[in-house]
Enquirer: 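The following block contains the structure, expressed as structure tokens.
Just so we're on the same page: letters track the sequence lines, and every chain starts at 1. Since the model is a prediction, treat every value here as computed from it, not as a measurement.
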Amino acid sequence: MTPVPDLSRPAPEVAPLLIGCRLAAGRVIGRITEVEAYHGEDDRACHAHRGRTPRSAGLYAAPGTLYVYLCYGMHHLLNLVCDEPSIPSAVLIRGLIITHGLDEARRRRGQPKAAAARLTNGPGKVAQALGLDKTAHATRLGQRGCPLRLLPGDGPSPRLLCGPRIGVDYAGPHWATMPWRWWEEGYAAVREAGARQTTA
DNA sequence: CTCTAGATCTAT
DNA sequence: TAGATCTAGAGG
């Protein structure tokens, strides 16, 4: 069993606890297999590293608020806002294993034949499979209008590994190598090299 | 106002 | 390994 963690804690604390929890959007449900934490104005990889701007304002929302943004002009990425509103902090959902509604997820992805293991192993794929776009941005888990539900995990506690975040070299070596990516053993969407064992 | 660098994915 | 596609935010 994997309980839903307290999202009012800092993202680097919450992130590993989300592995094994489930996300549901309509009939599509998936188990979270990979996440990353972005935390604080000091984190050069975090959108709020230059403080509050029109975009980064979403990171100062109440814990449990969705932070969804368009990346590379074509992919929506899903984050769950964490910590107190004065601290910009969020967990990026990078990987899922679809456990229910696989065909609907395949349809949303436009990949009718994709194996489950490859259908949602990447942050852009996750949001697309869950049917999330900008309209989900700034809605809050458990509140009216939020298309997403966060559910406890129903399986055994996953074995966790952690390593550097992906695609954030621009943040400089200190922040780019910070081991703020966690994944369920065997489910890293990107390299597992450099992985360290960890516990939730 | 213009310009550029992205928390990516897919097909080649 | 390149091309798709668009916008926040920095700089003029």
Side-chain angles (χ1 to χ4, degrees), chain A residues 7 10-16 18-19 23 30 32-61 65-83 87-98 105-138 148 161-183 187-195:
Chain A
L7 298 183
E13 248 179 73
V14 174
L18 284 171
I19 302 293
L23 285 174
I32 298 172
T33 54
E34 181 173 13
V35 298
E36 279 175 1
Y38 290 83
H39 183 261
E41 295 178 350
D42 291 339
D43 178 2
R44 299 270 304 278
C46 179
H47 286 166
H49 79 96
R50 277 173 274 218
R52 203 175 195 123
T53 65
R55 177 173 69 169
S56 72
L59 293 171
Y60 297 81
T65 302
L66 308 195
Y67 177 81
V68 181
Y69 77 100
L70 186 65
C71 184
Y72 292 110
M74 53 190 75
H75 305 291
H76 291 279
L77 304 206
L78 166 66
N79 294 255
L80 303 181
V81 175
C82 297
D83 212 327
I87 310 292
S89 189
V91 174
L92 170 70
I93 309 299
R94 291 194 56 91
L96 291 179
I97 283 292
I98 300 294
R106 286 188 174 119
R107 186 176 53 70
R108 284 173 175 163
R109 289 270 295 108
Q111 303 282 77
K113 297 173 189 171
R118 293 209 170 173
L119 189 66
T120 46
N121 62 336
K125 299 178 181 182
V126 166
Q128 191 178 32
L130 293 173
L132 302 177
D133 60 16
K134 292 298 275 185
T135 63
H137 177 69
L148 197 67
L161 296 176
C162 71
R165 294 173 291 183
I166 300 300
V168 296
D169 287 349
Y170 62 84
H174 180 259
W175 293 103
T177 58
M178 187 80 48
W180 279 0
R181 178 170 62 114
W182 291 263
W183 63 92
Y187 289 90
V190 192
R191 58 182 180 255
E192 287 205 19

Enquirer: Donor-acceptor pair, distance only, cut-off 3.5 Å: does the side chain of A/Arg108 make one with the backbone of A/Gln128?
Expert: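 Pair absent, no side-chain N/O of A/Arg108 close to backbone of A/Gln128.
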
Enquirer: In this structure, how many angstroms lie between the P atom of B/dA11 and the CE atom of A/Met74, rounded?
Expert: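 For the pair A/Met74 CE and B/dA11 P, the rounded distance is 14 Å.
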
Enquirer: A/Leu59 CG to C/dA8 P: how many Å, rounded?
Expert: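 So the CG-P distance, A/Leu59 to C/dA8, works out to 14 Å.
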
Enquirer: Can you tell me how far the CG atom of A/Leu18 sits from the CG atom of A/Leu92, to the nearest 0.5 Å?
Expert: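 Reported to 0.5 Å precision, the distance equals 11.5 Å.
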
Enquirer: When rounded to the nearest 0.5 angstrom, what is the spacing between CG in A/Leu77 and CD in A/Glu36?
Expert: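 Rounded to the nearest 0.5 Å, the CG-CD separation comes out at 10.0 Å.
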
Enquirer: Closest nucleotide of DNA chain C for A/Tyr72 versus for A/Pro54: which of these residues is on the 5' side?
Expert: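 Going by which nucleotide is closer to the 5' end, it is A/Tyr72.
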
Enquirer: Base, sugar-phosphate, or nothing for A/Leu70, non-hydrogen atoms under 4.0 angstrom?
Expert: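 It contacts sugar-phosphate atoms only.
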
Enquirer: Measuring to OP1 and OP2 of B/dT8, would you say a side-chain N or O of A/Arg94 lies under 4.0 angstrom away?
Expert: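 Checking B/dT8 against A/Arg94, a side-chain N or O does come within under 4.0 Å of OP1 or OP2.
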
Enquirer: Ignoring hydrogens and geometry beyond distance, is the side chain of A/His75 in donor-acceptor contact with the base of B/dA7 at under 3.5 Å?
Expert: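 By the distance-only test, no, there is no pair.
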
Enquirer: Whole angstroms only, please: what is the NZ-P distance between A/Lys113 and B/dT10?
Expert: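 So the two atoms are 15 Å apart, to the nearest Å.
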
Enquirer: Return the pairing partner of B/dA7 with a 3.5 Å limit on both distances, Watson-Crick or G-U wobble; otherwise return none.
Expert: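 The answer is none; no pair meets the criterion.
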
Enquirer: On a whole-Å scale, what distance lies between the P atoms belonging to B/dA7 and C/dT1?
Expert: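 Approximately 23 Å lies between the P atom of B/dA7 and that of C/dT1.
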
Enquirer: Rounded to the nearest angstrom, tell me the gap between atom CZ in A/Arg165 and atom C1' in B/dG6.
Expert: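 Distance, rounded to whole Å: 15 Å.
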
Enquirer: Is A/Tyr170 stacked against the base of B/dG6, taking the criterion as centroid distance under 5.5 angstrom and interplanar angle under 30°?
Expert: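 Stacking is absent between B/dG6 and A/Tyr170, given that the ring centres and planes do not meet under 5.5 Å and under 30°.
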
Enquirer: Closest to the A/Arg50 side chain: B/dA7, C/dA10, C/dT5?
Expert: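 Minimum distance to the A/Arg50 side chain belongs to C/dA10.
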
Enquirer: So, is A/Arg55 near the phosphate of C/dT7, with a side-chain N or O under 4.0 Å from OP1 or OP2?
Expert: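 Checking A/Arg55 against C/dT7: no side-chain N or O falls below 4.0 Å of OP1 or OP2.
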
Enquirer: Give the minimum heavy-atom separation between A/His39 and A/Asp83, together with the two atoms involved.
Expert: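 Where A/His39 meets A/Asp83 most closely, the heavy atoms are NE2-OD2, 3.3 Å.
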
Enquirer: A/Asn79 CG to B/dT8 C1': how many Å, rounded?
Expert: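 To the nearest whole Å, that distance equals 14 Å.
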
Enquirer: Mind calculating the distance between CG (A/Leu77) and P (C/dC6) to the nearest angstrom?
Expert: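 For the pair A/Leu77 CG and C/dC6 P, the rounded distance is 16 Å.
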
Enquirer: Measuring centre to centre across the rings, with the benzene-like ring taken for any Trp, is A/His137 within less than 6.0 Å of A/Tyr67?
Expert: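 Yes; A/Tyr67 has its ring centre under 6.0 Å from that of A/His137.
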
Enquirer: Would you say C/dT7 has OP1 or OP2 under 4.0 Å from some side-chain N or O of A/Lys134?
Expert: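 Indeed not, no polar side-chain atom of A/Lys134 lies that close.
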
Enquirer: Backbone N or O of A/His47 within a donor-acceptor pair of the A/Arg55 side chain at under 3.5 Å?
Expert: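 Side chain of A/Arg55 to backbone of A/His47: no pair is present.
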
Enquirer: Could you tell me how far apart A/Asp169 (CG) and B/dA7 (C1') are, to the nearest whole angstrom?
Expert: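 Answer to the nearest Å: 11 Å.
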
Enquirer: Look at the side-chain N and O atoms of A/Thr53 and state whether any lies under 4.0 Å from the OP1 or OP2 oxygen of C/dA8.
Expert: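 So the side chain of A/Thr53 is outside the cut-off, no N or O lying under 4.0 Å from OP1 or OP2 of C/dA8.
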
Enquirer: Would you mind reading off the distance between A/Arg106 atom CZ and B/dT10 atom C1', rounded to a whole angstrom?
Expert: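 These atoms are roughly 18 Å apart.
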
Enquirer: Can you tell me if A/Arg109 touches the phosphate of B/dT10, counting only side-chain N or O atoms and a distance under 4.0 Å to OP1 or OP2?
Expert: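 Answer yes for this pair, as a side-chain N or O of A/Arg109 is under 4.0 Å from OP1 or OP2.
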
Enquirer: Please state whether the phosphate of B/dT10, meaning OP1 or OP2, lies under 4.0 angstrom from any side-chain nitrogen or oxygen of A/Gln111.
Expert: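 So the side chain of A/Gln111 is within the cut-off, an N or O lying under 4.0 Å from OP1 or OP2 of B/dT10.
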
